[in-house]
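Step one of this worksheet: look at the structure below.
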Amino acid sequence: MRWAAPGPLPVLGLLLLGALPGLWTVLLRREATVQREPEPRPPAGTRPGRWGWERFPAARGEPGSGGQKTFRTLLTFPVAAAGREERGSEGRSAGAGSQPAAAASPVERGIFWSRDLEEQVPPGFPAEEAASWLSAARAARVASLERGGCGRSSNRLARLSDGSRACVRYGINPEQIQGEALSYHLAGVLGMQERLPPMALALVEARGRQWEPVREELRGSHWTEGAVVSLTRWVDNLTAVVAPAPWGAEAGTARRLQPLSVGELGGLPASQLVELVQWSDLILFDYLTANFDRLVSNLFSLQWDPRVMRRATSNLLRAPDGGLVFMDNEAGLVHGYRLLAMWDPYNEPLLRSVCVFREGTARRVAELHRRRSAAAELRRRYRAREPLWARLGFLSERQAELLQARVDFVHRHIAHCRAQAAVL
C-alpha cells in the first residue's frame, strides 16, 4: 500500500509547531531583561533617612500644601537621544540643502553647562579687582555713616575716605558676622567668589584711626566697642531677581517647583541660560552653607503666600550686565548649621532640583570629597586672607564635620545625576 505525500499546509504547520519552544524562550528572555532594567529616578515620596529622597514639606500634607506633588530632578538631559536627534537633523539638512544646522547644545556630557555658556557669564567681581578694593577699604577711614540701604536697622552705609562706599553689618550676635566671613571665603574655595561682593572684617574702635571721624555717629548706633563688623563693597544699580521657571510656582497650582523640560531649555534665549548657570552655583552654595535666608525662605513662605515665588528672591540681586550678586550670607555655616532640622527639609530637595552644574564647581567638590579637606581648605584660605580671623575664630569640630558631610552629599548627588544622564 502506498502512502500519499503530505500537502504543503500540513508540512508548514509541523514546522511552526516545532519552532514554538524556541520562540517562547526568546520572549521569556526579553521579558526578564525588561524587568531587570533599573529605574533611573529615585522613588518619589520615600524618606529612608537624613540623606535619603524625601518629599517637600508642603507635599506631605503640611499647612499650605495644596497638593501631593514632589520635587523632581530638573535640567536632566537625555544626551544620547539628543545626539541622535541632532545627527538626524544634520543628515536631513544635508539632504535638503536649505535648512539651518542644529543649534549647539547648552549641556555637555550630560550634566555640565557648555563652555560657550560659561564664557557668557558676566565676570562679577574679578579676583584682582576684589583684592584691590579690600586693601583700600582696610586702610581707609570711615568718613560718614548713614542709615538705610544695608538691611537691618543696626547696619549702616559707610562712606570711606577713598570715596568708595560699603555696607557695615553689625550682627545681632557674633556668629552672623562669622558666617558672613566664612561663607565669603568658602565661595573662594569653590571657585565662585566672583559672585559675592568683596567683604572684609573691621574692629569697631571709637578712638581708633579708622572710626575716629564718625565717633558721634557710633554713639547713636548702639554698637559695642570692640565689636567685629563686616565691610561689604557697595554696588550701584542692582535690581531684584525673581526665581526663574524651574523654581517659580504658579498661583493656584499644586506644584511647588516647576520642572524645566528639555524642549523648553533648548528654546530658551542665551540670556536666560546664562542666568541658570549662575543659579546652579547659587543653589549648591546655599546647600553647603545651609543658608536659609534666600530662596529657601521664599519656599517656606509658600505655606501662607502662594504668590511668593513671583516676588523678589531674598538677598539676591542682579547687576546691570546680568550677573547675579549673592548678597548678605550671614545665615550661612554657623547660624545655618544650628538650624538644620528646620531648614534642611527645604534645602535638600532644592539641591536635588539641579542636575546640571558648572564643571569647575563639580571638580572642586570632587576634590574636597576625595581629600576630605573642606574645613582645612576653608581654614587655610580664611587665615591667609582675613587679618581679623582670630577675633571670631573658626568652625567648631562639629561644624567642620557637617561641612564635610554636606560636601560629600553634593558629590553623591552629582554622581547620581551623571548616572541618570548615562541611562537616558
Side-chain angles (χ1 to χ4, degrees), residues 124-127 130-131 134 138 169 171 173-202 228-233 280-294 315 325-340 343-344 347-348 351 357-358 360-414:
F125 305 94
L134 290 171
R138 290 186 175 110
R169 288 190 167 83
N173 55 58
E175 72 176 18
Q176 292 177 304
I177 304 303
Q178 185 186 25
E180 178 86 31
L182 291 173
S183 294
Y184 179 70
H185 290 286
L186 180 62
V189 173
L190 296 168
M192 58 179 77
Q193 197 173 54
E194 69 275 3
R195 301 263 63 91
L196 283 69
M199 191 282 311
L201 297 179
V228 177
V229 296
S230 65
L231 299 177
T232 305
R233 177 181 170 183
S280 67
D281 261 0
L282 173 67
I283 289 175
L284 186 150
F285 178 61
D286 280 354
Y287 175 79
L288 289 177
T289 61
N291 190 336
F292 55 85
D293 199 16
R294 204 163 358 240
N315 299 318
V325 182
F326 305 173
M327 302 289 296
D328 192 1
N329 299 284
E330 63 185 20
L333 291 169
V334 187
H335 193 49
Y337 281 7
R338 285 200 298 105
L339 301 173
L340 291 180
W343 295 108
D344 262 3
N347 250 324
E348 289 181 14
L351 173 68
F357 312 90
R358 285 179 58 232
T361 302
R363 185 169 57 247
R364 286 179 173 88
V365 168
E367 189 69 12
L368 294 174
H369 165 76
R370 184 180 67 83
R371 294 184 175 181
R372 302 197 60 76
S373 60
E377 289 292 322
L378 175 57
R379 183 189 295 109
R380 179 191 59 78
R381 186 182 183 94
Y382 184 42
R383 294 179 64 170
R385 298 171 184 252
E386 177 47 66
L388 294 179
W389 74 270
R391 289 277 182 169
L392 294 175
F394 189 62
L395 298 175
S396 68
E397 183 177 350
R398 175 57 180 158
Q399 290 164 346
E401 291 173 353
L402 286 171
L403 174 59
Q404 185 62 53
R406 295 176 87 79
V407 167
D408 296 341
F409 182 73
V410 171
H411 177 74
R412 291 195 300 271
H413 172 63
I414 294 173

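Throughout, residue positions are numbered sequentially from 1 according to the sequence presented.
Within the 4.5 Å cutoff, the side chain of Tyr337 has heavy atoms near those of the Leu403 side chain. Under the 4.5 Å side-chain criterion, counting only non-hydrogen atoms from C-beta, Val228 is not in contact with Pro174. At least one side-chain heavy atom of Leu190 sits less than 4.5 Å from a side-chain heavy atom of Leu288. At a threshold of 4.5 Å between non-hydrogen side-chain atoms, the residues Pro197 and Tyr184 do not count as touching. Arg169 has its side chain within reach of Thr232: a pair of non-hydrogen atoms, C-beta onward, lies under 4.5 Å apart. Side-chain atoms of Phe357 and Val365, non-hydrogen and from C-beta on, never get closer than 4.5 Å to each other. Considering only heavy atoms from C-beta on, Leu282 stays 4.5 Å or farther from Arg195 through its side chain. Using a 4.5 Å heavy-atom threshold, the side chains of His185 and Gln193 count as touching.
Remark: of the listed residues Arg412, His411, Arg406, Gln404, Gln404 is the sole one forming a side chain to side chain donor-acceptor pair (under 3.5 Å) with Asp408. Of the listed residues (Asn329, Asp328, Thr289), just one forms a side chain to side chain donor-acceptor pair (under 3.5 Å) with Arg294, and that residue is Asn329.
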Would you please test Asn315 and Asn291 for side chain to side chain contact (heavy atoms under 4.5 Å, CB included) and show each step?
CA-CA 11 Å; Asn315 299 318; Asn291 190 336; 5.8 Å; no

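No salt bridge links Glu367 with Arg364; every basic N to acidic carboxylate O contact stays at or beyond 4.0 Å.
Between Val325 and Phe125 the shortest heavy-atom distance is CG1-CE1, 4.1 Å. Leu351 approaches Leu284 most closely through the heavy-atom pair CD1-CA, 4.2 Å. Scanning all heavy atoms of the two residues, the minimum distance from Arg358 to Ser280 falls at N-OG, 4.4 Å. Residues Leu333 and Ser183 come closest through the heavy atom pair CD1-N, 3.7 Å. In this structure, Leu340 and Ala290 approach most closely via the heavy-atom pair CD2-CB, 3.6 Å. Counting all heavy atoms, side chain and backbone alike, Leu368 lies closest to Val407 at CB-CG1, 3.8 Å.
Residues meeting the side-chain contact (heavy atoms from CB on, under 4.5 Å) test with His335, sequence neighbours left out: Glu175, Phe292, Arg338, Leu339.
Leu186 CG to Tyr382 OH: the interatomic distance, rounded to the nearest 0.5 Å, is 12.5 Å. A distance of 11.0 Å separates OG in Ser373 from CZ in Arg379, rounded to the nearest 0.5 Å. Atom CZ of Arg372 is separated from atom NE2 of His369 by 7.5 Å, given to the nearest 0.5 angstrom. Annotation: the span from Asp293 atom CG to Glu330 atom CD amounts to 7.5 Å, rounded to 0.5 Å.
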Exercise answer: donor-acceptor pairs, residues 386-395 side-chain atoms, under 3.5 Å, sequence neighbours excluded:
unit_1, atom_1, unit_2, atom_2, d
Glu386, OE1, Arg138, NH2, 3.1
Glu386, OE1, Leu201, N, 3.2
Glu386, OE2, Leu388, N, 3.0

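Between Tyr287 and Phe409, the two ring planes are tilted [angle within 30° to 60°].
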